[in-house]
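This report concerns only the one structure given below.
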Protein chains: 2
Amino acid sequence: MNHAAPRRSDATRAAILSAARERFAADGYERATIRSIAADARIDPAMVMRYFGTKAGLFAAAATLDLQLPDPAAIPRDCAGTAIAAHFLERWENDEALAAMLRGAATNDYAAAEARRVFTDQVRPMVAGLCPNPEEATIRAALIDSQLLGIALNRYLLRLPPIAALSRAEIAAWIGPTIQRYLTGPLPSDDSEPFTTPPQAAPDPAS
Amino acid sequence: MNHAAPRRSDATRAAILSAARERFAADGYERATIRSIAADARIDPAMVMRYFGTKAGLFAAAATLDLQLPDPAAIPRDCAGTAIAAHFLERWENDEALAAMLRGAATNDYAAAEARRVFTDQVRPMVAGLCPNPEEATIRAALIDSQLLGIALNRYLLRLPPIAALSRAEIAAWIGPTIQRYLTGPLPSDDSEPFTTPPQAAPDPAS
DNA sequence: GTCTATAATTCGATAGAC
DNA sequence: GTCTATCGAATTATAGAC
């Protein structure tokens, strides 16, 4: 029973959500104001409150994200690393909800919790489909998550020139083997002490 | 000529800076208020303005960071990866300016520019000391930066449980080989098309 | 459903007494 | 140097006319 009762206000809701995603992605949670979002959507600010109740409610509705991760069974286990990297980069550039979520997560507790939930509900299950041991899968998934988010942080949020200048394929080629190793490589041996280095300079005492 | 004229107000300045680092690290730039920082330092809010002029000026003074990266010449080139990872994690846990900078960079333009400057002035030169080709060194440094920041993001900002639960040595053992490969590994071959995957589910049309 | 008006806070920044 | 008082602006959110 498809009860998708098409209200007349659905277009308005969609316009608000689209504008909200843009603003949250560009400015972060605090600096993106209800007023600016409403202005972008060419809608009265009071309508935003009417539809979504609070600013937090609007963020929750706008920053819901689906990574659309591929079915693990459909990926050859040996080229999964590069495939996952390429898929992630493609998704990022076609869904502003990712930037909204990451920028928001830096300062907003709800967004941070939601980012953790994306890991638990989407990233980890996919990795678990490629790694039999559940405990290992959790750690391996978290490491993959770290590498992917680190690239996204530098490329899309900080816009660090060397990373921003590379093509998606080049990045995927670089980090693909990393993800592959986190996915299927051997556990690190914990026998050797890490080589420690003397700091180059003493800390500046409270400039 | 050491003209470090010790004013009597240096203790006050230091107290403000310490409180500011904590607040900026915990709350981000926007949510950390002059009033809350002054309260933490048990100092009148007007004094903060007197010493640092503006909120941005306070952030600039508080979030200045020195990674104290080791001299490249002092590191054996083959164990540099794990050593760099361990050093970075140690620095992070002993200087709140790093968290202040990263959290601020998500929403504040000055902080983002400063984060890029840390890369250019500190990370890249160290990598250049271990990699002869300058162009390669820049890309390799940016990839290393991405892996390190991705870990920091998940561990210290998002507090993703699987990453937060690991010890520093365990993380260094996992990501050390990654950094080592970015540092001294071969350039990726660009001959093969990445394996593309069909998305698992269709995007939800504007829920 | 849509919009005007405004309440209730909170913030950064300033002026000026002491 | 220190603190009180406050300005002016911006925010989320609500009340209510139409």
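Below, chain A is the first sequence line, B the second, and so on; all start at residue 1.
- Looking only at distances, no side-chain donor or acceptor of A:Arg181 sits under 3.5 Å from a matching main-chain atom of A:Gly81.
- Considering only side-chain atoms of B:Thr12, the nucleotide from C:dA13, D:dA13, D:dT2 that sits closest is D:dT2.
- Atom-to-atom, CD1 of A:Ile16 to P of C:dC3 comes out at 11 Å; the value is rounded to the nearest Å.
- Following rounding to the nearest Å, B:Ile37 (CD1) and C:dT10 (P) show an atom-to-atom distance of 17 Å.
- An end-to-end axis angle of 10° holds for the helix from C:dG1-D:dC18 to C:dC18-D:dG1, taken from five base pairs per end and rounded to 10°.
- Listed here is the closest heavy atom pair of B:Gln147 and A:Thr178: OE1-CG2, 4.1 Å.
- Classification of the B:Trp92-B:Tyr156 ring pair by plane angle, with boundaries at 30° and 60°, yields parallel.
- What separates CG of A:Asp44 from P of C:dA5 is a distance of 11 Å, to the nearest Å.
- Remark: P of C:dG12 and CZ of B:Phe59 are 14 Å apart, rounded to the nearest angstrom.
- Rounded to whole Å, atom C1' of D:dC3 lies 9 Å from atom CE of B:Met47.
- Contacts of A:Tyr51 with the nucleic acid, taken as non-hydrogen atoms under 4.0 Å apart, involve only primed sugar atoms and P, OP1 or OP2.
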**Request:** Could you walk me through whether A:Leu149 and A:Leu153 pass the side chain to side chain contact (heavy atoms under 4.5 Å, CB included) test, one step at a time?
**Result:** CA-CA 6 Å; A:Leu149 283 188; A:Leu153 179 68; over 6 Å; no
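- In the region residues 103-113 of chain B, proximity to DNA chain D at under 4.0 angstrom, judged on heavy atoms, holds for none of the residues.
- Without hydrogens or angle criteria, B:Ser18 side chain to B:Ala14 main chain gives no donor-acceptor distance under 3.5 Å.
- Computed from coordinates, the A:Met49 CE to C:dG1 P distance equals 17 Å when rounded to whole Å.
- At distances below 3.5 Å, at least one donor-acceptor pair connects side-chain atoms of B:Arg31 with backbone N or O atoms of A:Thr107.
- One interatomic measurement links the two molecules: CZ of B:Arg50 to P of C:dG16, which rounds to 15 Å at whole-angstrom precision.
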Run the numbers on A:Ile84 and A:Met126 for side chain to side chain contact (heavy atoms under 4.5 Å, CB included), then give the verdict. CA-CA 10 Å; A:Ile84 289 172; A:Met126 188 208 59; 3.5 Å; yes
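- For B:Lys55 and C:dC11, the NZ to C1' distance is 8 Å, given to the nearest whole Å.
- Comparing C:dG1, D:dT14, C:dT14 by their nearest atom to the side chain of A:Ala46 picks out D:dT14.
- Atom CG of A:Asp109 is separated from atom OH of A:Tyr29 by 10.5 Å, given to the nearest 0.5 angstrom.
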